[in-house]
Amino acid sequence: MAAATKLEAHVPLYVRGTVVKGFGRGNKELAIPTANLDDGAVSSLPANFKNGIYFGWACVNREGVYKMVMSIGYNPHYRNQKKSMEAHLIHEFPDDFYGAELSVAIVGYLREEKSFASLEALIAAIHGDINEASITLDRVDKFRKIKNSTFFRRETADEDADKT
């Protein structure tokens, strides 16, 4: 089975978890705030789910649904030892939302994780990911429809939410 076909077997992927403190680099070092999901959310990923940079939709405490990009893996630029799920919601929030419930619908894959030659190169790549995700979510009908999924309003993260 080709890598793309394996990925398509898992998306859209619906995950819900609690926002926890991460490494503190997103907002402070990169000026790109991220919401880190708790270990339970990370461990809920399918065993063969490929690490990388993804895009989709996210909702904080079931209020509003926003475009997002998400890094899943070990962030090789920083040589993390612990797997993480870090979402950047394409929306300006007035405050941090640690402890909030974050619901995400991962709908597509952008690229592999990699280490960069400089912090500036990493930041440029993330901005490119944000731009590509935003454009794709606007243009692809099947992705736009997921924004209105009942998943963002329901109590459980059942991926069969909208198969009717």
Side-chain angles (χ1 to χ4, degrees), residues 1-23 26-27 32-75 82-113 126-164:
M1 183 182 284
T5 305
K6 288 180 185 177
L7 175 63
E8 289 169 4
H10 295 297
V11 295
L13 179 68
Y14 299 94
V15 179
R16 185 171 285 137
T18 302
V19 177
V20 297
K21 285 203 178 257
F23 298 102
N27 200 24
I32 303 168
T34 59
N36 295 267
L37 282 169
D38 65 276
D39 291 341
V42 176
S43 66
S44 75
L45 291 171
N48 60 346
F49 197 79
K50 181 179 174 141
N51 292 340
I53 311 305
Y54 290 85
F55 66 96
W57 301 99
C59 178
V60 179
N61 289 331
R62 299 187 200 167
E63 295 178 12
V65 179
Y66 307 101
K67 297 172 185 176
M68 65 103 190
V69 292
M70 176 175 270
S71 170
I72 298 176
Y74 297 92
N75 298 315
K82 181 179 176 183
K83 186 172 186 172
S84 65
M85 294 176 71
E86 299 181 50
H88 169 74
L89 281 63
I90 305 172
H91 179 78
E92 294 287 329
F93 290 91
D95 298 302
D96 291 333
F97 43 88
Y98 297 115
E101 175 188 80
L102 183 65
S103 304
V104 299
I106 299 166
V107 301
Y109 178 82
L110 291 170
R111 63 176 173 84
E112 292 184 357
E113 292 186 293
I126 295 170
H127 283 290
D129 298 336
I130 291 167
N131 186 53
E132 183 176 348
S134 186
I135 290 169
T136 304
L137 288 166
D138 283 340
R139 288 186 179 164
V140 179
D141 190 48
K142 71 179 181 177
F143 296 153
R144 279 196 321 267
K145 288 179 180 179
I146 291 171
K147 179 180 181 180
N148 298 316
S149 169
T150 59
F151 163 72
F152 294 113
R153 298 180 301 280
R154 291 191 0 260
E155 293 295 320
T156 61
D158 180 1
E159 61 209 38
D160 293 326
D162 298 312
K163 291 190 179 176
T164 56

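FYI, side chains are in, hydrogens and waters are out, and symmetry mates aren't considered; it's all heavy atoms of this structure. A quick note: this is a predicted structure, and the numbers were derived from the prediction, not measured. The first residue in the sequence is number 1, and the count goes up from there.
Closest approach of Val107 to Phe143, counting heavy atoms only: O-CE2, 3.4 Å. When all heavy atoms of Met68 and Ala87 are compared, the closest pair comes out as SD-CB, 4.2 Å. Minimum interatomic distance between Ile72 and Tyr54 (heavy atoms only, all atoms of both residues): CD1-CD1, 3.8 Å. Between Asp141 and Arg144, the shortest heavy-atom contact is OD1-NH2, 2.9 Å. Pairing each heavy atom of Pro33 with each of His88, the nearest pair is O-ND1, 2.7 Å. Nearest approach of Cys59 to Gly64, heavy atoms of both residues: SG-O, 3.1 Å.
Residue Phe49 holds its CZ atom at 7.5 Å from CE of Met85, rounded to the nearest 0.5 Å. Atom CE of Met70 and atom CZ of Phe55 lie 13.5 Å apart (nearest 0.5 Å). Here the straight-line distance linking atom CD1 of Ile53 with atom CG of Leu110 works out to 7.5 Å at 0.5 Å rounding. Here OG1 of Thr18 is found 12.5 Å from CG of Asn36. Values are rounded to the nearest 0.5 Å. Atom CG in Leu89 sits 12.5 Å away from atom NZ in Lys67 (nearest 0.5 Å). Atom OH of residue Tyr109 and atom CG of residue Asn51 lie 9.0 Å apart, to the nearest 0.5 angstrom.
Side-chain atoms of Glu113 come within 3.5 Å of backbone atoms of Tyr74 as a donor-acceptor pair (strictly under, hydrogens ignored). In this structure a side-chain-to-backbone donor-acceptor pair under 3.5 Å is present from Asp38 to Gly40. No donor-acceptor pair under 3.5 Å is formed between the side chain of Arg16 and the backbone N or O of Ser103.
Residues passing the side chain to side chain donor-acceptor pair (under 3.5 Å) test with Asp39, sequence neighbours excluded: Lys82. Partners of Arg153 by salt bridge (charged side-chain N to carboxylate O under 4.0 Å, His left out), not counting sequence neighbours: none found. Taking the side chain to side chain donor-acceptor pair (under 3.5 Å) definition, one finds that Glu101 meets it with Arg62, sequence neighbours left out.
At least one side-chain heavy atom of Lys50 sits less than 4.5 Å from a side-chain heavy atom of Glu112. Contact check for Ser71 versus Thr34: no side-chain heavy atoms found under the 4.5 Å cut-off. Taking the side chain as every heavy atom from C-beta outward, Val19 and Val60 never approach each other to under 4.5 Å.
Among the candidates Ile106, Val104, Asn148, Leu137, the single residue satisfying the side chain to side chain contact (heavy atoms under 4.5 Å, CB included) test with Trp57 is Leu137.
In this structure, Tyr14 and Phe151 have tilted ring planes: the angle between them lies in the 30° to 60° band.
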**Request:** Could you walk me through whether Ile130 and Ile32 pass the side chain to side chain contact (heavy atoms under 4.5 Å, CB included) test, one step at a time?
**Result:** CA-CA 10 Å; Ile130 291 167; Ile32 303 168; 4.2 Å; yes
